[in-house]
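Below is one structure, written out as structure tokens; the observations come after it.
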Amino acid sequence: MEKETAVKRNPVIQTMYTSDPAPMVSGDTIYLYTGHDEDGSTWFTMNDWRCFSSKDMVNWTDHGSPLAFTDFTWARGDAWAGQCIERNDKFYFYVPMNKKGGQMAVGVAVSDSPTGPFTDPLGHPLVETGTGDIDPTVFVDDDGQAYLYWGNPHLWYVKLKEDMISYDENTGIVQVPLTEESFGKRTGNPERATLYEEGPWFYKRNGLYYMIYAASGIPENIAYSTSPNPTGPWTYRGVIMPTEGGSFTNHPGIIDYKGNSYFFYHNGALPGGSGFTRSVCVEQFQYEADGAFPVLHMTEEGVSPVGCLNPYSRIEAETIAWAQGIKTESCSQGGINVCHIDDGDYIRVSSVDFGETGPDTFHVCAASASGGGTIEIHVDTLEGPLIGRVEIPATGAWDNWRLVSERVENIQGIHEIYFTFHGAPSGNLFKLDYWRFEAKIEE
Ligand code: FUB
């Protein structure tokens with residue numbers, strides 16, 4: 001088991017490589033849609049999009065893949081940067097893909113739930129120009145007009161109709177003038193004379209429209225422009241995040257949640273990370289009084305909790321603040337479970353509030369086709385006080401789930417909890433679906 005030197009919260013997801021973050025708030029929950037770089041990729045090998053959610057910004061629940069390029073009959077691959085938005089109780093997910101026998105084009109998929117499944121209502125792309133139709137970003141203005149921007153090396157937009165799956169053909173597809181005043185000056189590349197590269201993220205705050213984008217070519221930084229209007233003219237405002245982090249691309253996703261402003265991006269910070277095996281991270285920031293961005297740097301610490309986890313409710317095992325060694329997969333009981341659990345792996349959940357009474361029992365739903373193993377429950381640090389040890393038996397099959405219960409030491413207040421896994425030195429020990437503590441009955 002590797003020792004933790006400090007509490008890391010970036011990258012946000014450790015069970016797979018994630019890229020191109022697209023956060024969305026719905027109700028009291030923040031959803032994080034990401035691209036998914038396949039393990040060992042040496043190109044943008046990306047087949048599906050992923051969805052995670054949180055209510056506290058530090059524990060993220062894995063919802064699996066709500067959408068894949070195979071859900072579009074017209075696509076042949078390349079599930080690149082997308083964005084999802086809620087409107088009229090439906091969720092619209094705009095995504096670029098390579099067309100069968102053609103080039104990249106932007107499609108749309110619709111769902112009644114933020115976690116999908118999403119389906120293609122059109123059966124064909126929503127927009128395509130034939131030139132770099134990637135990285136759609138969507139925003140619905142206060143007057144109800146929705147805009148879809150996208151593109152590399154050009155920046156295009158359409159005005160979406162209220163159905164969100166068609167656009168105003170009178171306005172058509174508009175190419176944004178990439179001028180030096182609007183997007184800064186690039187030297188040495190006459191075909192890309194401004195800093196704009198790709199990955200736009202479009203929104204409005206306090207009456208000012210923001211276009212945040214990957215800039216300056218390869219390697220990219222993140223820069224921004226603003227406008228008093230949704231369709232420009234734009235004014236270049238500078239670099240937000242310099243080139244850092246071991247990935248030659250970057251991609252912004254900006255959102256306000258529970259009174260804070262968050263800047264999502266990606267880098268190559270996970271072990272094995274690179275420009276093709278990227279990971280989504282997040283930093284908290286404050287706008288300047290005039291709406292300007294501060295310069296932001298990538299950190300391992302990430303952001304602080306804005307809520308607590310209730311350990312007395314059912315918690316999905318794939319709700320994770322930090323994990324080492326494990327993976328997630330579709331569960332035979334529905335949803336997702338944690339798998340690839342080997343000796344020495346662990347999961348941390350953060351900001352767990354045991355209240356004043358505290359627990360006396362721990363329940364966990366597990367399956368093991370091998371010999372099982374042990375879960376140790378440590379408090380505050382990886383090697384902190386041990387409050388429980390649960391023996392997971394062999395259950396005969398990986399989909400033969402059993403609820404295992406064990407007494408635990410009482411603990412009160414808010415803590416980091418580490419589930420550390422022990423057993424045979426090689427091979428997977430068990431899978432986990434969900435867990436919960438049971439509160440001590442007050443005498
Ligand atoms: O993830 C594939 C591509 O790399 C995205 O579409 C670009 O924005 C860049 O991040």
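Whatever order the structure lists ligands and atoms in, that order sets their numbers, starting from 1.
- Those atoms of ligand 1 that come under 4.0 Å of a heavy atom in H266, given as number and element, are 10 (O).
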Review item, side-chain donor-acceptor pairs of residues 66-75, under 3.5 Å, at least two apart:
| unit_1 | atom_1 | unit_2 | atom_2 | d |
| --- | --- | --- | --- | --- |
| D71 | OD2 | A68 | N | 2.8 |
| W74 | NE1 | D120 | OD2 | 3.1 |

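- Smallest separation of non-hydrogen atoms from T277 and S41: CG2-N, 3.8 Å.
- The ligand atoms of ligand 1 that sit less than 4.0 angstrom from a heavy atom of H251 are 8 (O).
- Looking only at protein heavy atoms, the nearest one to atom 7 (C) of ligand 1 is D135 OD2, 3.4 Å.
- Close approach of ligand 1 to F44 (heavy-atom distance below 4.0 Å) involves ligand atoms 2 (C), 4 (O).
- For R278, a nitrogen or oxygen atom sits less than 3.5 Å from a nitrogen or oxygen atom of ligand 1, counting backbone and side chain alike.
- The closest approach between a heavy atom of M46 and any atom of ligand 1 is below 4.0 Å.
- K99 and D133 are not joined by a salt bridge, as no carboxylate oxygen comes within less than 4.0 angstrom of a charged side-chain nitrogen.
- From the protein, the heavy atom lying nearest to atom 9 (C) of ligand 1 is E198 OE2, 3.5 Å.
- Closest heavy-atom contact between Y265 and I222: CB-CD1, 4.4 Å.
- A parallel orientation is assigned to the rings of Y224 and Y210, their planes being inclined by less than 30° (bins at 30° and 60°).
- Under the 4.0 Å criterion applied to side-chain N and carboxylate O atoms, R50 and D48 are assigned as salt-bridge partners.
- Remark: among candidates Y213, W80, W150, F248, the nearest residue to atom 2 (C) of ligand 1 is W80, based on non-hydrogen atoms.
- Atom 10 (O) of ligand 1 has as its closest protein heavy atom D20 OD1, 2.8 Å.
- Under the 30°/60° scheme for interplanar angles, the aromatic rings of Y209 and F139 are found to stand perpendicular.
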